[in-house]
Structure formats: C-alpha cells, structure tokens
2 protein chains.
Amino acid sequence: MASCSLNVHVVIFSLCEDTLRVLLAPEEQTLWQLPGQPLQQSETLESCALRAFQEQTSRREVYLEQLYTYSNLLHHTQKQLVSVVYFALIPANARREPSAELRWFSVNQLPSLKDNHFEIIAYALRRLRYKLEYSAVGFELLPEEFTLSELQHTYEVILGEKLDKRNFRRRILQAGIIEETKHRRTKGEGRPARLYRYRPDAVAEVKARRLFP
Amino acid sequence: MASCSLNVHVVIFSLCEDTLRVLLAPEEQTLWQLPGQPLQQSETLESCALRAFQEQTSRREVYLEQLYTYSNLLHHTQKQLVSVVYFALIPANARREPSAELRWFSVNQLPSLKDNHFEIIAYALRRLRYKLEYSAVGFELLPEEFTLSELQHTYEVILGEKLDKRNFRRRILQAGIIEETKHRRTKGEGRPARLYRYRPDAVAEVKARRLFP
DNA sequence: AGAATAGTGTCTCTCAGACATTATTTG
DNA sequence: CAAATAATGTCTGAGAGACACTATTCT
C-alpha cells in the first residue's frame, strides 16, 4: 500500500484527587488529542506505545494493553489513517508532573478532541470497567502497598458507584490475590490500616460466570 | 515511517462434521497461512477483512470481529510487518466449496503455519470460547433456524466438553435470546425437534459475574 | 471522651450443577 | 413395538447482596 501512516496512541489512565483522569496533549487552540506517535521501523507496536508515555512515569513496570486498531479514510486528502491504540494505567505515586503541555483531564470533563479520540477514550473506559470485574487490574493504579479502603475507593471511582465494605473485603480476600504485609498506614487520624500487597503469583483472571450455557 | 507493510488477516471458523475448522491458504510446499491481503488505500480495515473471505460465503451478514494487531520485526530484511487480524464465523450452510487452494483444517490438526499464525489461531480460539460464555456468538455458526440439540452440539464442539441437556436448555431459554418458531425438523428418525431462531432484539451480551465487585 | 477510620459476621435468596424419566415420531 | 431423538423438573450447595456494630488510634 502506497501511503499509509501508522500511528500508535495511548490512553493513559491515572487516579488523581478522587477522579479517574486521562492524559492529553494539546493539538491546536482548544483541541486536544491522545498522546501518540508514528511507528518507527525498528520497534514493535508495544515498544512504540511504551515510548509514548515513558516520560510520564518513573515506574519500570507499567500496565499496558492493546485496545483496538482504528482506520479512518480522510476523503479530502485521500489518505489512509491507521491508529493502533493501547491503554495504560499509572499509579498516582509513580506519576510525574506532565512534561510539555500535557494535562490530566477527568474522564467526566473531557475537552474537545481530535478525530475519534473521544470515542476511543469511551471505549477504553468501558474496557477498564469491564476488566475490573473479572481481573485484578485495579492494583495497577495503586502503589505497591495499599490499604483495603484505598483499593475499594479505586474500584468505586472507576465503576462510578459505591460498594459495600464488608462484601468487598470478603471477596477480594477470598479471591486470594492480595496478601497482608506487616506494615500499617496511619493518616494521623483514626485507626491505622493494615497494608496489603498484590500477590505476584496470583491468578489474576478468574473464571467468569457462564451465561451460555 | 518508511517501509511498513500493513496486512489484514482473517481467522475464519466454521463447523464441519463435528469439528471446528479454520480456513487456510497454501503458502509454499507444506506451509500454510491465514487468508489475508494488504490493506488498500481506499478501504477500511474491516472492509479489507470482509474482502478476504467474501468468496467463501454466500451470506450477506457475517460475524466479523477484530482480534488483535501484531507487529513483527524481520531482522534480516529490516522490514516491519504489521498485521491486523480479524476473526469470522460462517454457518455451515452458508459455506461454499473453498475456492482456489484453500482448505478447511480442524483446529485440533493444524498443519505447519507461516510466521506466528499458529499463535494467532490459538488466540482466536481462546477468544471464541471465552465469548461463548458471555455472549450469544454461538448462533453465528448455525443456520437461521436451528434445534436446541444443534445449538448445544455447537457449544460442545467449540468448548470441547459435554454439557448437560437440561441445564443447557433451561439457561439458554431463560436468557431470552432465542424464540420458538412454528417449524419442526425431523431427521427421519426420532421425535421431530422444534426449531428456534435468534431474537434480533435480544441483548446478546449479558453481565458477567463480578469477581471483584 | 470524642472524632475518625478500620475491621468484622450473619442471613437470605438466587442460581449453577447434578441427575432420570416420559413423549413423540419413524420403520 | 422397538429404536431414536426430544422434552421436561427437582434438589442441593455455593455464593452474591443486604445489613450494623465493635475496635483502634489520635487529639
């Protein structure tokens, strides 16, 4: 194929101040876009996606997952636009001040976006919510050690609903994917909370209920 | 990016003679590959995928879903190979004799495959099995009207396990995604079976059980 | 002592899973 | 009437969901 520009974009989620946020780059005037770049000849799609937000995190390990590949026909220029989109999760503590002109936007208050980037973010959010229900992806937004209240709060922010504390604890514990540490965290107020950590040997994906059959 | 060849491949599943099969094209000697072709400038990814098996089916509507996008660095040629893979389902009755040199292979007895096509098929199969459990994708392999035994058999072949007849019927019926027709089918032997049809207004995706609520 | 947050147990109701017999047709 | 396939109902156990009080720390 003659002229195909292949770009890789990343939807980067993080939790700031009780809202789920997405990192966006300015496009022009009041128009924003997802961070992204053209695929280089010497890299895989994944390493290109990694590069796209490397400066945004101090973590070696980052949750990164391929989301979807979009194609757009730009009729006026007769150009074919192909974009491979990833989504990534960054814990608040591993985040740096956004470099350049990048800014964190709440998923509930997005600015005007380039191309179909709004649709892409909506899809990424749906996928994140969906994954939360059958895998252990929620930990990726938290520091290595966390309290159960923090974990529950993360779930609540992403799902956009309140959860029952006792049911949450019961299930997350008997799922066997986190383990106690010897540490506690105190906010200076109230009873200090026990810290937990994700069990690296845990089976993160759990079988979903079978609907059919 | 300078030289990127962007191909679209399709994993086409169908049910023949009690086995789940994949349509493959000969590559060279004893090596086979997934049907595919380079993306044209004037088409979207999806229409390119559709084109890749249009001659394989007489159906207007075909179940087609994007699977994953793979990138391969071919070190010796310094070329970048990007392949967007779709998977498709064709009902046995809508299938034609494979054109050209294409052949249907049982997923349990695949030949030697080009590049990472074995991995791709394995992933497509995993996805198909997974989808079967929370969506109504099984109908896409059957004619418009089908008996419950045929439907159950489809599930059994794909999942590779026997299912309980009563539980299967109970759940598939109370899920409300199929409806009775007035027709019956008889094989000439045994009691004729009632024919059902997929309800086009049905909500095919059902909520999965929440693991971590 | 009061404020703040952490931590804990029970009951009910739904639904998945196991299981065997009767009904209808054809030759 | 024999053979073949279709169709149907019940019981049990696991777990999701609703719900309120006690425990620990700090000031």
Side-chain angles (χ1 to χ4, degrees), chain A residues 18 130 132-135 138 142-143 145-157 159-197 203 206-213, chain B residues 18 129-130 132-135 138 142-143 145-157 159-197 206-213:
Chain A
D18 291 5
Y130 190 73
L132 212 58
E133 298 192 348
Y134 70 89
S135 85
L142 288 171
E145 301 197 342
F146 49 84
T147 70
L148 290 182
S149 295
E150 288 165 353
L151 183 60
Q152 180 177 348
H153 185 241
T154 302
Y155 275 76
E156 288 175 342
V157 168
L159 296 176
E161 58 181 300
K162 294 290 271 179
L163 302 172
D164 181 84
K165 193 199 238 187
R166 282 166 293 187
N167 293 339
F168 181 83
R169 285 167 187 242
R170 188 206 320 141
R171 266 180 284 179
I172 208 84
L173 287 176
Q174 78 185 20
I177 52 178
I178 60 176
E179 61 189 8
E180 286 188 0
T181 69
K182 300 213 172 88
H183 310 139
R184 289 163 180 282
R185 170 175 304 161
T186 181
K187 301 203 186 112
E189 239 179 13
R191 171 175 172 178
R194 179 174 294 279
L195 287 166
Y196 289 78
R197 111 164 56 89
V203 182
V206 193
K207 235 187 152 29
R209 172 206 277 166
R210 287 201 177 174
L211 280 308
F212 323 120
Chain B
D18 290 8
R129 285 185 174 144
Y130 190 72
L132 212 59
E133 297 193 347
Y134 70 89
S135 86
L142 288 171
E145 301 198 340
F146 49 84
T147 69
L148 291 182
S149 296
E150 288 165 353
L151 183 60
Q152 179 176 348
H153 186 242
T154 302
Y155 275 76
E156 288 175 341
V157 169
L159 296 176
E161 58 181 300
K162 292 291 269 179
L163 301 172
D164 181 85
K165 193 196 233 185
R166 282 165 294 185
N167 293 339
F168 181 83
R169 283 167 189 244
R170 186 202 326 139
R171 268 180 285 178
I172 208 85
L173 287 175
Q174 80 184 19
I177 52 178
I178 61 176
E179 61 189 10
E180 286 188 1
T181 69
K182 300 215 172 87
H183 311 138
R184 290 163 181 280
R185 171 176 303 161
T186 181
K187 301 201 185 112
E189 236 178 16
R191 172 175 171 177
R194 179 173 294 278
L195 286 166
Y196 289 79
R197 110 164 57 88
V206 192
K207 236 187 150 28
R209 171 207 278 166
R210 288 202 177 174
L211 279 308
F212 318 127

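Residue numbering restarts at 1 for every chain, and letters A, B, ... go by the order of the sequence lines.
Taking CD1 of B:I172 as the start and CG of B:L148 as the end, the distance is 8.0 Å to the nearest 0.5 Å.
Qualifying salt bridge (charged side-chain N to carboxylate O under 4.0 Å, His left out) partners for A:R194, counting only residues two or more places apart in sequence or in other chains: A:E180. With sequence neighbours left out, A:E156 forms a side-chain hydrogen bond (donor to acceptor under 3.5 Å, both in side chains) with A:Q152. Scored by the side-chain hydrogen bond (donor to acceptor under 3.5 Å, both in side chains) test, A:R185 finds A:E150 as partners (sequence neighbours excluded). For B:R166, there are no side-chain hydrogen bond (donor to acceptor under 3.5 Å, both in side chains) partners two or more places apart in sequence or in a different chain. For B:R184, there are no side-chain hydrogen bond (donor to acceptor under 3.5 Å, both in side chains) partners at least two apart in sequence or on another chain.
The nearest whole Å value for the distance from the CZ atom in B:F168 to the P atom in C:dA18 is 16 Å. Atom-to-atom, CD of A:Q152 to C1' of C:dA6 comes out at 12 Å; the value is rounded to the nearest Å. Separating the CD atom of B:Q174 from the P atom of D:dT10 is a distance of 15 Å, rounded to the nearest angstrom. Between the P atom of C:dG7 and the CD1 atom of A:I178 lies a distance of 11 Å, rounded to the nearest Å. Atom pair B:L195:CG and D:dA6:P shows a separation of 11 Å (rounding to whole Å applied). Between the CG atom of A:L163 and the P atom of D:dA18 there is a distance of 10 Å, given to the nearest Å.
Here A:R194 does not reach the OP1 or OP2 of D:dT24: none of its side-chain N or O atoms lies under 4.0 Å away.
When each of D:dG17, C:dA6, D:dA6 is scored by its nearest atom to the side-chain atoms of B:S149, the top-ranked nucleotide is D:dA6.
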**Asked** When you check every protein heavy atom under 4.0 Å of nucleotides 19-27 of chain C, what one-letter string (B, S, -) results, 5' to 3'?
**Response** BB--BBBS-
